[in-house]
Number of protein chains: 2
Amino acid sequence: MATPAELPVPAEAIDRRARRRLETLEEILDIAEALLREEGVNGLSLSEVARRLGVQPPSLYKYFPSQMAVYDALFERGQRANTDAVLKAIAAAPPGLPAVIAGLEASGRWALANQALAQLLFWRPLANFEPTAHAMEPGLEEFAELRRALADAVRLGQLGPGADSAEALHVAITLIAGAIVTAASNEPHLPWGEGRFSPLFPRLMALLPALYPPAQARRSRTASTGSGSVK
Amino acid sequence: MATPAELPVPAEAIDRRARRRLETLEEILDIAEALLREEGVNGLSLSEVARRLGVQPPSLYKYFPSQMAVYDALFERGQRANTDAVLKAIAAAPPGLPAVIAGLEASGRWALANQALAQLLFWRPLANFEPTAHAMEPGLEEFAELRRALADAVRLGQLGPGADSAEALHVAITLIAGAIVTAASNEPHLPWGEGRFSPLFPRLMALLPALYPPAQARRSRTASTGSGSVK
DNA sequence: GTCTATACTCCGATAGAC
DNA sequence: GTCTATCGGAGTATAGAC
């Protein structure tokens, strides 16, 4: 099991060791994530992680220098998972506005299904915890991809030129964030699509063309009565 | 200082004692609120409260039966403060849609200025804490008042008849909640009105007439080109 | 209604042997 | 990279004297 110290260590063994180390890192984060799910966003205890991993607490410090480093890794993991859900939904939807809507909805579904991690990402429930720039990166990628989808929507004539802007991205994010936080605070046990709040999401998305009306819509709206009503 | 036990206690003394007790209760909550502000929503420690109050921790149990009871009182206090801000803004604004907007904006200002309390109200960052119905009551009052203001807006022709509904109230709440949570998570140190998110609030409010267009707007919109754009 | 004393559990983190 | 041992606290809550 242990490599005798006096023998030269073959390169494969180093790889194996590195791989094993990565596996342990992931295992620690799996346990930490489960703990957050069970105990709430402030429920991470390194002692409990060690207990579940079957090691003594000091051993964890070979993998993470502090509790906050674990939180930071969880933050990055959450950003990664949320971003993956969004990118996947965007890729699967027709380009343009449908992709924007699909991406935002995927973010909402993910957040309600992972509320403790979502709180870590979307608010700041822990004093003295500031995510590192590295942990934030997936979120930037998500923002960039949503903005690309908005630009597609402008190109396709689904939204007006103003939608190709940082402001439009922020509006879209505000709409999904509102749906998430109202659902989570008022109906934390209901999944996306049930209750009084998350079902409003399609109506909120219909507001994007109202805020950034495409040229055709402007013309057609003046030609027909009552089309000013959104959905 | 202490009333001798063998003497009959005058009624004023009982009142004084009750008043003094209420004062202490408020003082405890003041300290607890300050602690939340300093340490985050999960930073309430009864030992620290006792330290700052200048008593020993066990003494606090004469006022609150448990830590969760303190959290519940803080929850109610937050609801009360937020609701007061909203009601005051509604009362000071012209009735109808301006009152709705003023009320929601007041809620946003309060939330950004009291983020730890706001997290307690608007998300569920603490495992094993469920606010009591009593602590929720001010929130219900706020919802009812906002809905009255929406009904006024319908009566005044500022919004269409659909705005006199629970759904419209939920939409309005979703919009302000989105503004709050995006500002708090992305720019926690900026006050309301600065940064990339809370300044979008007026544009979001302009979406209410887009969702629930009043009769006149429908007519005037068909008569003029380009007015389909919101704001 | 205050205190002392205490029971009990828990935590994050470090030193140093192996 | 694991462990034991330990530091140096933290905390909530209760019992009981005064």
Side-chain angles (χ1 to χ4, degrees), chain A residues 1-7 9 13-29 31-32 35-36 38-74 126-129, chain B residues 1-7 9 13-29 31-32 35-36 38-74 126-129:
Chain A
M1 208 157 185
T3 305
E6 59 273 15
L7 290 181
V9 182
I14 295 177
D15 291 351
R16 270 238 319 272
R17 201 173 297 171
R19 198 169 56 242
R20 172 79 183 120
R21 182 181 168 81
L22 279 179
E23 284 171 8
T24 303
L25 277 168
E26 289 304 310
E27 207 172 339
I28 289 171
L29 290 178
I31 294 170
L35 255 177
L36 243 63
E38 294 168 29
E39 308 291 337
V41 65
N42 63 334
L44 173 60
S45 148
L46 294 189
S47 299
E48 181 61 24
V49 171
R51 218 168 287 129
R52 297 189 184 192
L53 188 60
V55 301
Q56 294 299 318
S59 302
L60 296 178
Y61 287 82
K62 297 290 176 180
Y63 298 91
F64 292 96
S66 71
Q67 189 193 32
M68 283 305 159
V70 179
Y71 267 118
D72 199 61
L74 285 176
L126 305 172
N128 316 319
F129 171 65
Chain B
M1 208 158 188
T3 305
E6 61 272 13
L7 290 182
V9 181
I14 294 177
D15 291 352
R16 272 238 316 272
R17 202 172 297 170
R19 198 168 57 242
R20 173 78 183 120
R21 182 182 168 80
L22 278 179
E23 285 171 7
T24 305
L25 276 168
E26 288 305 309
E27 208 173 338
I28 289 172
L29 290 179
I31 294 170
L35 256 178
L36 244 61
E38 295 169 27
E39 307 290 339
V41 65
N42 62 333
L44 173 61
S45 146
L46 294 188
S47 300
E48 181 62 24
V49 171
R51 215 169 287 129
R52 298 190 184 193
L53 187 60
V55 301
Q56 295 299 317
S59 303
L60 296 177
Y61 286 82
K62 297 291 178 182
Y63 298 91
F64 291 95
S66 70
Q67 189 194 32
M68 282 306 159
V70 180
Y71 266 119
D72 200 61
L74 285 175
L126 305 172
N128 316 320
F129 171 64

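Note on naming: letters A, B, ... go to the chains in the order of the sequence lines (proteins, then strands), and numbering restarts at 1 for each one. Worth saying up front: this structure is predicted, and the values here are computed from it rather than measured.
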Novice: Taking any heavy-atom pair under 4.0 Å as a contact, classify A:F64: base, sugar-phosphate, or nothing.
Specialist: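 Nothing: the residue A:F64, judged by heavy atoms under 4.0 Å, touches no strand.
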
Novice: Between A:R16 (CZ) and D:dG1 (C1'), how many Å, whole number?
Specialist: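 Result: 15 Å.
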
Novice: Indicate, with a heavy-atom threshold strictly under 4.0 Å, whether A:P57 touches base, sugar-phosphate, or nothing.
Specialist: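 Nothing: the residue A:P57, judged by heavy atoms under 4.0 Å, touches no strand.
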
Novice: Out of D:dT2, C:dG1, D:dA13, which nucleotide sits closest to the side chain of B:S66?
Specialist: D:dA13

Novice: Output the single nucleotide from C:dG12, C:dT4, D:dT2 whose closest atom is nearest the side chain of A:Y63.
Specialist: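 Among C:dG12, C:dT4, D:dT2, the one nearest the side chain of A:Y63 is D:dT2.
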
Novice: Name the nucleic acid region contacted by B:S47, choosing base, sugar-phosphate or nothing; use a 4.0 angstrom heavy-atom cut-off, strictly under.
Specialist: base

Novice: Just the rounded figure in Å: distance from C1' of D:dC18 to NZ of B:K62.
Specialist: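 Answer to the nearest Å: 12 Å.
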
Novice: Take the protein atom CZ of A:R51 and the nucleotide atom C1' of D:dC3, then report the distance between them rounded to whole Å.
Specialist: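 Result: 17 Å.
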
Novice: Of the candidate nucleotides C:dC3, D:dG11, D:dT4, which contains the atom at the shortest distance from the side chain of B:V55?
Specialist: C:dC3

Novice: DNA chain C: B:P58 or B:T24, which has the more 5' nearest nucleotide?
Specialist: B:T24

Novice: Rounded to the nearest angstrom, tell me the gap between atom CG in A:L60 and atom C1' in C:dA13.
Specialist: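 Taking atom C1' of C:dA13 as the reference, CG of A:L60 is at 11 Å.
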
Novice: Across the strands shown, which category fits A:Q56 at heavy-atom distances under 4.0 angstrom: base, sugar-phosphate, nothing?
Specialist: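 Base contact.
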
Novice: Please give me the minimum heavy-atom distance between A:E39 and B:A127, naming the atom from each residue.
Specialist: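 Of all heavy-atom pairs spanning A:E39 and B:A127, the closest is O-CB, 2.8 Å.
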
Novice: For A:L46 and C:dC11, what is the distance between atoms CG and P respectively, to the nearest whole Å?
Specialist: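 Distance check: A:L46 CG to C:dC11 P gives 9 Å.
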
Novice: Compare every heavy atom of B:L126 with every heavy atom of B:V41, then report the nearest pair and how far apart it is.
Specialist: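 Scanning both residues, the minimum pair turns out to be O-CD2, 4.0 Å.
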
Novice: Atom CD of A:E23 and atom CZ of A:R16: how far apart are they, to the nearest 0.5 Å?
Specialist: 10.5 Å

Novice: Is the number of heavy atoms from other residues, nucleotides or ligands under 6.0 Å of A:D15 CG greater than 12?
Specialist: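 Counting other residues, nucleotides and ligands, CG of A:D15 exceeds 12 neighbours.
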
Novice: Looking for any heavy atom pair under 4.0 Å, which part of the strands does A:L44 touch: base, sugar-phosphate only, or nothing?
Specialist: sugar-phosphate

Novice: Picking from C:dC11, D:dT12, C:dA13, which would you name as closest to the side chain of A:Y61?
Specialist: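 Of the candidates, C:dA13 comes closest.
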
Novice: A:S59 near the nucleic acid: base, sugar-phosphate alone, or nothing, with a heavy-atom cut-off under 4.0 Å?
Specialist: base

Novice: How many whole angstroms separate atom CD of A:E27 from atom P of D:dG1?
Specialist: 14 Å

Novice: What's B:R20 touching, base or sugar-phosphate or nothing? Going by heavy atoms closer than 4.0 Å.
Specialist: nothing

